Amino acid sequence: MKKKEIEDIFGGILEKEHDVSAGMAAIQTLLTVLERDTSETVQELDSNLQAAVDAMKKTDYPVTAVASGSELFLRFITLAKLDTKRVLTHSKSRVVLKAMKEAARANKRFEVYITVSSPDNSGQDMCCLLEKENIPCTLILDSAVGYVMEQVDMVMVGAEGVVESGGIINKVGSYTMAMCARELKKPFYVLTESFKFVRLYPLNQHDLPDEFKYTSSKLKEDLSKEHPMVDYTPPSYITLLFTDLGILTPSAVSDELIKLYL
């Protein structure tokens, strides 16, 4: 809304309702601004509301009342913004992308941080796909995971495979992200389909078979100089797995595998 329009709404309230204080009129004006606002991000909404407050402060009405009423209103809006989640994801995942699209279409407000995901930079593709859905997202360096982790509410990744222990095999860097998440007490969620459940029980990174970590062409070369495509994230770092079989704890995966292969 334009400055003149805000001033007219604010002044109109005070002229029509003589018993209303400037503080209450400021709150009513901000509610009107909020109803008409078309912001796509929380930051943009904050900026528009603050501009409205500045416009009201420059009128001839008492600034103190306007400032106190506006501050109280913005405080409640700030509390409401806690519903806007910040999600960190890694690489490109079809399941995670689908889940985020559905959440956006259900009018859920959230922002996404996406790792570039070297060496193939698949995170860039994920970012472009989210932007097409008008989902606010920020591309970050893989090395910035620790820095960004304290700003997010959760981590959400896909999986190339879910092993019998409830751990996952996923794009290299997932294990690092999981360790950072646990250190900062952020939930680490995995979104995957049950057909990715694998009858494999690795104990560490070395236990992952080479055919899982490298392409067939790389297996013919000296692997000591090759970076693996995936890594193993142990179940102790995973909060929950969201699957077509339901929401599972890592310990429940082995039970589901038994049912699948009976």
Side-chain angles (χ1 to χ4, degrees), residues 1-89 96-97 99-115 123-124 126-141 144 147-156 184 186-187:
M1 293 177 65
K2 294 182 179 180
K3 178 182 175 182
K4 181 66 168 60
E5 191 177 359
I6 293 167
E7 291 175 350
D8 289 344
I9 293 171
F10 178 55
I13 293 171
L14 289 171
E15 288 175 9
K16 292 177 183 177
E17 303 179 40
H18 300 291
D19 293 334
V20 173
S21 68
M24 285 302 300
I27 291 174
Q28 289 181 37
T29 302
L30 289 174
L31 281 170
T32 302
V33 173
L34 190 60
E35 288 173 359
R36 300 180 185 180
D37 191 77
T38 58
S39 300
E40 295 183 354
T41 66
V42 175
Q43 289 85 354
E44 188 179 354
L45 174 61
D46 279 343
S47 178
N48 291 344
L49 288 173
Q50 191 57 59
V53 173
D54 292 340
M56 289 186 287
K57 283 182 178 179
K58 291 177 181 178
T59 62
D60 291 332
Y61 295 99
V63 173
T64 303
V66 172
S68 60
S70 299
E71 185 177 347
L72 181 63
F73 179 85
L74 293 176
R75 171 59 178 162
F76 280 101
I77 290 297
T78 302
L79 290 174
K81 284 193 309 186
L82 293 177
D83 290 335
T84 302
K85 301 295 183 183
R86 292 184 175 182
V87 183
L88 174 62
T89 190
V96 171
L97 177 62
M100 289 181 175
K101 283 182 178 180
E102 291 298 322
R105 289 167 186 168
N107 296 319
K108 302 295 183 183
R109 286 200 168 200
F110 61 96
E111 301 173 25
V112 184
Y113 287 97
I114 310 164
T115 54
Q124 291 181 341
M126 183 73 166
C127 188
C128 290
L129 291 169
L130 288 172
E131 286 176 341
K132 287 180 180 178
E133 298 293 323
N134 295 317
I135 297 173
C137 52
T138 304
L139 197 64
I140 67 168
L141 296 173
Y147 179 84
V148 170
M149 189 64 72
E150 63 184 21
Q151 303 174 44
V152 304
D153 296 286
M154 69 184 79
V155 178
M156 186 184 294
L184 292 178
K186 306 290 183 176

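Every value quoted in this text rests on a predicted model; they were computed, and no experiment measured them.
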Listed by chain and number, what are the side chain to side chain contact (heavy atoms under 4.5 Å, CB included) partners of [X], not counting sequence neighbours?
X      : answer
Lys58  : Lys3
Glu133 : Lys101, Arg105, Ile135
Glu150 : Leu184
Thr59  : Glu7, Phe10, Tyr61

Nearest-0.5 Å distance, [atom1] of residue [X] to [atom2] of residue [Y]:
X      : Y      : atom1 : atom2 : value
Leu31  : Phe73  : CG    : CZ    : 4.5 Å
Lys2   : Asp8   : NZ    : CG    : 12.0 Å
Ser68  : Ile27  : OG    : CD1   : 8.0 Å
Thr29  : Leu49  : OG1   : CG    : 11.5 Å
Gln124 : Leu139 : CD    : CG    : 5.5 Å
Leu14  : Met24  : CG    : CE    : 11.0 Å

Q. For residues 13-38, which residue pairs qualify under salt bridge (Lys or Arg N to Asp or Glu O under 4.0 Å), counting only residues two or more places apart or in two chains?
A. Glu5-Arg36
Distance-minimising heavy-atom pair for [X] and [Y]:
X      : Y      : result
Phe110 : Met100 : CZ-O, 3.4 Å
Ile6   : Ala55  : CG2-CB, 4.1 Å
Lys57  : Val63  : O-CG2, 3.5 Å

(Q) Could you go through Leu130 and Leu97, starting from their C-alpha distance and side-chain angles, then the distance that decides it, and tell me whether this counts as side-chain contact (heavy atoms from CB on, under 4.5 Å)? (A) CA-CA 7 Å; Leu130 288 172; Leu97 177 62; 3.7 Å; yes
Q) What pairs with Lys132 under side-chain hydrogen bond (donor to acceptor under 3.5 Å, both in side chains), at least two apart in sequence or on another chain? A) none
Q | Test side-chain contact (heavy atoms from CB on, under 4.5 Å) applied to Met126 and Val112, step by step | A | CA-CA 10 Å; Met126 183 73 166; Val112 184; over 6 Å; no
Q.
If you apply the rule side-chain contact (heavy atoms from CB on, under 4.5 Å), what do you find for Met149 with Val155, and how did you get there?
A. CA-CA 9 Å; Met149 189 64 72; Val155 178; 3.7 Å; yes
Q: Using atom types as modelled and distance alone, determine if a side-chain donor or acceptor of Thr89 lies under 3.5 Å from a backbone N or O of Met156.
A: yes
Q. How far apart are the C-alpha atoms of Leu88 and Ile140, what are their side-chain angles, what is the distance that settles it, and do they pass the side-chain contact (heavy atoms from CB on, under 4.5 Å) test?
A. CA-CA 10 Å; Leu88 174 62; Ile140 67 168; 4.0 Å; yes
